[in-house]
Undergrad: 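Dropping the structure in here first, questions after.
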Amino acid sequence: MMVSALAGAGLEEAWREIGVLANWRKENGVWATSRAAQAAYWFREELHQGVEHRLATQERADIAGLEAAVRAGQKAPAAAAEEVLKSLFG
């Protein structure tokens, strides 16, 4: 199928075929499956951004102090991370 927006050729047929494909995808569950996957992806993105925001607004001195303790070998990385996570989420 030849389509040219510049020449105005084939546009109606192209849109008709796009509609046919969209309807087929909806009728066969492809559309819903894709939308569900997108929703799950955006849920995780929002979750990650929320955690990053809370970390950024957490008392920086607390995190810096824990990082210094980890660097000095006074605290295990997992234990320090657990402290931060407990302070964020209780």
Side-chain angles (χ1 to χ4, degrees):
M1 163 182 5
M2 296 289 291
V3 178
S4 170
L6 187 60
L11 293 174
E12 283 185 38
E13 182 183 0
W15 279 113
R16 189 171 37 255
E17 290 300 318
I18 289 169
V20 168
L21 176 61
N23 287 334
W24 179 89
R25 290 174 56 87
K26 288 176 185 175
E27 291 167 1
N28 289 284
V30 176
W31 192 280
T33 300
S34 178
R35 297 302 267 168
Q38 288 171 349
Y41 171 83
W42 285 113
F43 163 72
R44 295 225 175 240
E45 281 300 307
E46 290 291 329
L47 193 58
H48 290 155
Q49 288 179 16
V51 169
E52 286 178 8
H53 175 73
R54 297 229 10 218
L55 280 171
T57 58
Q58 171 88 8
E59 286 294 322
R60 293 177 193 264
D62 293 346
I63 293 175
L66 286 168
E67 184 174 348
V70 168
R71 287 179 183 272
Q74 299 166 340
K75 189 170 285 281
E82 186 63 28
E83 281 187 44
V84 172
L85 292 172
K86 280 184 180 178
S87 72
L88 290 174
F89 304 111

Undergrad: Which hydrophobic side chains are connected to Leu11, either touching it within the sub-4.5 Å cutoff or through other members that do?
TA: Met1, Val3
Undergrad: Going by the rule side-chain hydrogen bond (donor to acceptor under 3.5 Å, both in side chains), which residues pair with Thr33 if we only count those two or more places apart in sequence or in a different chain?
TA: none
Undergrad: Who pairs with Arg44 by side-chain hydrogen bond (donor to acceptor under 3.5 Å, both in side chains), at least two apart in sequence or on another chain?
TA: none
Undergrad: So which residues get pulled into Met2's cluster when ILVMFWY side chains under 4.5 Å apart are joined, directly or through others?
TA: none
Undergrad: Roughly how far, to the nearest 0.5 Å, is CD of Gln49 from NE2 of His53?
TA: 11.0 Å
Undergrad: Supply the members, apart from Val84, of the Ile/Leu/Val/Met/Phe/Trp/Tyr cluster built from side-chain contacts under 4.5 Å; use none for a lone residue.
TA: Val51, Leu55, Ile63, Leu66, Leu85, Leu88, Phe89
Undergrad: Let me confirm one number: the CG-CG distance from Asn23 to Asn28, rounded to the nearest 0.5 Å.
TA: 10.5 Å
Undergrad: Under the rule for salt bridge (charged side-chain N to carboxylate O under 4.0 Å, His left out), what residues qualify as partners of Glu83, not counting sequence neighbours?
TA: Lys75
Undergrad: Please find the pair of heavy atoms, one from Val70 and one from Ala80, that lie closest to each other, and give the distance.
TA: CG2-CB, 3.5 Å
Undergrad: Between Trp42 and Glu45, is there a side-chain heavy-atom distance shorter than 4.5 Å?
TA: yes
